[in-house]
Amino acid sequence: MKFNSHDELVNTSKEAQKKWRLIPAPKRGEIIREFGNELRNQKADLARVITKEARKIVSEAEGEVQEAIDMCDFATGLSRQLYGLTMPSERPDHRLQELWQPLGIVGCITAFNFPMAVFAWNFCLASVCGNSIIWKPSPHATGCADAIKKIWDKVAGDHKELVLILNGGNEEAIALCKNSNIPLISATGSTQMGKELAPLVSARLGRTLLELGGNNAAIVCSTADLDLTVKGVTFSAAGTTGQRCTTLRRAFVHADIYEEFMEKLYAYYATLKIGDPSDATSQLGPLISEKSFNDMQNVLISLKEKDVKIHGGQRFEVSDPKEFYVMPAIVEVDKVEDEMLAETFAPILYVKKFTELKDAIHMQNNVKQGLSSSIFTNDFRESELFLSSEGSDCGIANVNIGTSGAEIGGAFGGEKETGGGRESGSDAWKNYMRRVTATVNYGKDLPLAQGVEFDES
Ligand code: NAD
């Protein structure tokens, strides 16, 4: 679908939404179920497109399509559960009720590393709630967006325009953010992107739903099951070649088990299979770009000048010289280095010893981002402290699981510079609707709230 102007694109989306919002929500849900069924039918093909563009290994690419399918199932059920509360009115013969109405158009800006799932988080909820969507995918993953759009067009009947794709870079994203016909901008990507785009939306008092960068940590306590922990840490830190927002970047390990843990961790890292992500035996594919590789190397160069122990991190040569495969890096530090405070979107895991849990929790929280966190322990007092208000300050807090690999049923997102947004499960659907508080008087008098008297007669 080609548009002559940005306005034409937005108007088409607006008209599509006007038609769609008239369909009862459970009927919208049925169309989303059809969409999910078609994703199921084409799961392997879609996963291949993800592997080709985002360079994810086969299993993770299939997992991503599964996540989109799960979202369709979730949204189909949700379409019958867009509940509003009814409150007792203080006035006789009055009813007080909350109604949820669609917002209109949702502008959806997505990152390269979850090129289908993040769209599904947004679209599945937004659509059953009665909205249309304009999707600006990452320039690295336009083929993923095209493949999804084709599937939508196949099941959408008269509602093909409910999903419109806006390919491009910063300029296109900025145009969406400035357009006051788009009540909600849902943007996933770096914190820098969020800082640039959010003011454009708030300048017109629009809403944002921000899913930005993370700097996630795990705390490994002295009672932890070390074999389980090493697997959880490795999947989170090295898996997806360190290119998940929830990637584990910092591990705080209790001094009593530090040596044993590190020995097991190095041994497990040594077994990782790096190579062509379309080969089903590969566990780690390449970085997305030369820029990502250079960013990683620059951080490692700066660390080399410090008193740290670096293992791995170098380029891993494979047949295609244009691809940037790397050995995942482990950096053992004695103190918190500046490099640990930023998100480098590559597989660098910093490891530091601790003796007091409260110090480890402090170090974990003492960064600008607040997405995901984990504790590995068999002591319930430690895990409960971690989950308490004195514990993790992140949107995701896990016990005996790594920081990455969330299920769709929970609300996903993080605090501080991660942006505060929540998408996917739980009641995240409320972000895509406007709340109307309705008071209905079915009596013959007009009593005023709070006992206010106006008409004396
Ligand atoms: P990115 O910020 O480079 O790009 C994300 C999207 O924003 C793209 O569509 C891009 O075109 C657009 N964009 C980027 N900068 C822009 C600007 N200045 N003006 C207008 N548009 C802009 O991110 P990426 O490299 O594609 O993805 C990696 C980042 O995304 C990491 O920081 C990662 O943590 C984050 N991420 C967060 C989540 C989450 O749910 N919190 C999920 C996935 C990725």
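Computation of the quantities below employed the complete heavy-atom set of this structure, encompassing side-chain atoms and omitting hydrogens, waters and symmetry-equivalent molecules. Counting starts at 1 for both ligands and their atoms, following the listed order. Given the structure is predicted, the values throughout are model-derived calculations rather than measurements.
- Ring-plane geometry between Phe35 and Phe123 is classed as perpendicular, the angle between the planes exceeding 60 degrees on a 0 to 90 degree scale with a lower cut at 30.
- Contacts with ligand 1 closer than 4.0 Å are made by heavy atoms of both the backbone and the side chain of Thr188.
- At a 4.0 Å cut-off, at least one heavy atom of Phe345 sits close enough to ligand 1 to count as contact.
- Residues Ser13 and Glu161 bring no donor and acceptor atom of their side chains to less than 3.5 Å of each other.
- Considering only non-hydrogen protein atoms, atom 2 (O) of ligand 1 sits nearest to Ser190 OG, 2.6 Å.
- Within the 4.0 angstrom cut-off, atom 24 (P) of ligand 1 has one or more protein heavy-atom neighbours.
- At under 3.5 Å, a nitrogen or oxygen of Phe112, whether backbone or side chain, sits near a nitrogen or oxygen of ligand 1.
- Remark: of the listed residues Ser138, Pro139, Pro137, Pro137 is the sole one forming a side-chain contact (heavy atoms from CB on, under 4.5 Å) with Asn167.
- Lys352 forms no cation-pi arrangement with Phe252, by the criterion of a distance under 6.0 Å to the ring centre and an angle within 45° of the ring axis.
- Ion pairing between Arg435 and Glu98 holds under the 4.0 Å rule for side-chain N and carboxylate O.
- For ligand 1, none of its N or O atoms has an N or O atom of Arg244 under 3.5 Å away.
- No donor-acceptor distance shorter than 3.5 angstrom exists from the side chain of Thr241 to the backbone of Leu287, with no hydrogens or angles considered.
- Checking side-chain atoms of Ser392 against main-chain N and O of Cys394 turns up a donor-acceptor pair under 3.5 Å.
- The shortest separation from a heavy atom of Pro137 to ligand 1 is under 4.0 Å, placing the residue in contact.
- Of the candidates Leu176, Asn170, Leu200, it is Asn170 that places a heavy atom closest to atom 22 (C) of ligand 1.
- Between Trp121 and ligand 1, not a single N/O pair is under 3.5 Å apart.
- Remark: Arg315 qualifies as a cation-pi partner of Phe324 under the 6.0 Å distance and 45° angle criteria applied to the six-membered ring.
- For ligand 1 and Gly213, the ligand atoms under 4.0 Å from any heavy atom of the residue are 32 (O), 34 (O).
- Counting heavy atoms closer than 4.0 Å to ligand 1, residue Glu211 contributes atoms from both its backbone and its side chain.
- Nearest to atom 41 (N) of ligand 1 among the protein's heavy atoms is Leu212 O, 2.8 Å.
- The existence of a salt bridge linking Lys231 and Asp225 is excluded, since no basic side-chain nitrogen approaches an acidic carboxylate oxygen closer than 4.0 Å.
- The atoms of ligand 1 that sit less than 4.0 Å from any heavy atom of Ser138 are 9 (O).
- Looking at Ile32 and Ser127, their side chains come closer than 4.5 Å, going by heavy atoms from C-beta outward.
- Regarding atom 13 (N) of ligand 1, its nearest protein heavy-atom neighbour is Met193 CG, 3.5 Å.
- Among Gly189, Ala173, Ala175, the residue whose heavy atom lies closest to atom 21 (N) of ligand 1 is Ala173.
- For the pairing with Trp121, the ring-ring contact (aromatic ring centres under 6.0 Å, His included) check across Phe114, Phe412, Trp429, Tyr432 returns one residue only, Phe412.
- Nearest protein heavy-atom neighbour of atom 36 (N) of ligand 1: Cys245 CB, 3.6 Å.
- Considering backbone and side-chain atoms together, Thr191 places no N or O closer than 3.5 Å to any N or O of ligand 1.
- The backbone N or O of Asn365 sits less than 3.5 Å from a side-chain atom of Lys416, completing a donor-acceptor pair.
- Classified by interplanar angle (parallel below 30°, tilted 30° to 60°, perpendicular above 60°), the ring pair His311/Tyr266 is tilted.
- The closest heavy-atom contact to atom 34 (O) of ligand 1, among the options Glu172, Lys136, Glu343, comes from Glu343.
- Each of the atoms 11 (O) of ligand 1 lies under 4.0 Å from some heavy atom of Pro139.
- Distance from atom 18 (N) of ligand 1 to its nearest protein heavy atom, with residue and atom name: Glu196 OE1, 2.8 Å.
- Of all protein heavy atoms, the one lying nearest to atom 27 (O) of ligand 1 is Ala111 CB, 3.3 Å.
- For atom 8 (C) of ligand 1, the candidate residues are Asn113, Leu371, Thr110, Leu166; the nearest heavy-atom contact is made by Thr110.
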